[in-house]
Amino acid sequence: MLHEPDAGLHRLDWRRRSLGGLRRIWRAGLDFLLPPRCLTCDAPSAEPDAVCPSCWGQMPFIEAPWCARYGTPLSFDLGPEGLSARAIASPPLFNRARAATLYGGPARDLVLALKFGGRREVAAPMGRLMAAAGRELFQPDTLVLPVPLHRTRLWQRRFNQAALLGQQVARIKGVGFEPLMLERRRRTRQQVGLHADERSRNVRGAFALRPEAAMKISGRPVVLVDDVLTTGSTVEACTRVLLRAGARQVDVLTFAIADPSLTAD
Ligand SMILES: [Zn+2]
């Protein structure tokens with residue numbers, strides 16, 4: 001009688017092991033039938049949901065030195081507080097922006113796959129790279145807020161790519177994630193193809209905080225998350241709303257930066 005609980009445990013353990021074994025066989029079978037593919041070039045790859053070594057090598061990662069405010073690469077090392085000409089001429093409302101990559105090559109492919117290809121699985125590796133690129137932005141009481149989509153665009157696209165990225169980043173950093181606090185009240189034109197002044201006019205007054213959000217935001221540091229930072233007019237408009245509600249500081253974390261001094265728009 002005394003050995004019975006032991007035997008029960010043993011049986012459970014045996015069952016668990018055999019289930020695990022079955023799962024491994026099933027997984028190996030799936031991998032055999034559907035070998036994992038690189039998330040950007042679609043070439044067969046060793047790992048699921050990853051970028052192949054060749055695409056990884058072409059990823060335009062942002063490396064130090066970078067501008068302390070805009071996070072854009074600098075050609076000379078001016079120290080940790082070094083600023084780009086742009087940050088000196090027009091300092092942003094937000095504190096710092098950081099990004100993992102420049103917008104180009106396989107990084108652009110990942111952004112487009114998530115945004116327009118509906119491939120949600122790319123959010124996990126993108127979020128990992130963002131969490132690493134933005135490590136200096138997080139404090140224990142940080143709140144992660146994604147840049148919101150207007151509800152009609154959300155309905156068309158079915159998900160907000162910024163919210164998927166923000167969720168990944170917040171989970172990795174172990175901080176609060178609030179996808180519904182900020183709202184896009186006014187439907188704005190796509191920013192693509194607009195000049196800097198048009199972009200800024202396009203989004204002015206487009207964002208608002210839900211009434212119950214102000215209490216939660218007050219005194220807290222906020223990290224705003226989006227997929228790509230271009231002129232920064234969208235995150236500037238969000239920052240204005242958050243600072244007015246008493247956020248302690250607002251930083252910006254995106255997957256990529258399309259440096260307006262390097263690109264046409
Ligand atoms: Zn590849």
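One-based numbering, in listed order, for ligands and for the atoms of each. Index from 1, following the sequence. Because the structure is a prediction, the values reported are computed rather than measured. All values below come from the heavy atoms of this structure, side chains included, with hydrogens, waters and symmetry mates left out.
Looking at Gln161 and Arg120, their side chains never bring a donor and an acceptor atom within 3.5 Å of each other.
A cation-pi contact, defined as under 6.0 Å to the ring centre and within 45° of the axis, links Arg86 to Tyr70.
Nearby protein atoms of type N, O or S around the Zn ion (ligand 1) amount to 4 (distance under 2.8 Å).
Here Phe159 pairs with nothing under the ring pair (Phe, Tyr, Trp, His ring centres under 6.0 Å) rule; sequence neighbours left out.
Crowding of Glu212 atom CD: a count of heavy atoms from other residues, nucleotides or ligands under 6.0 Å exceeding 12. Within 6.0 Å of CZ in Arg135 there are 12 or fewer heavy atoms belonging to other residues, nucleotides or ligands.
Taken from CZ in Arg210 to NZ in Lys216, the straight-line distance is 11.5 Å, to the nearest 0.5 Å.
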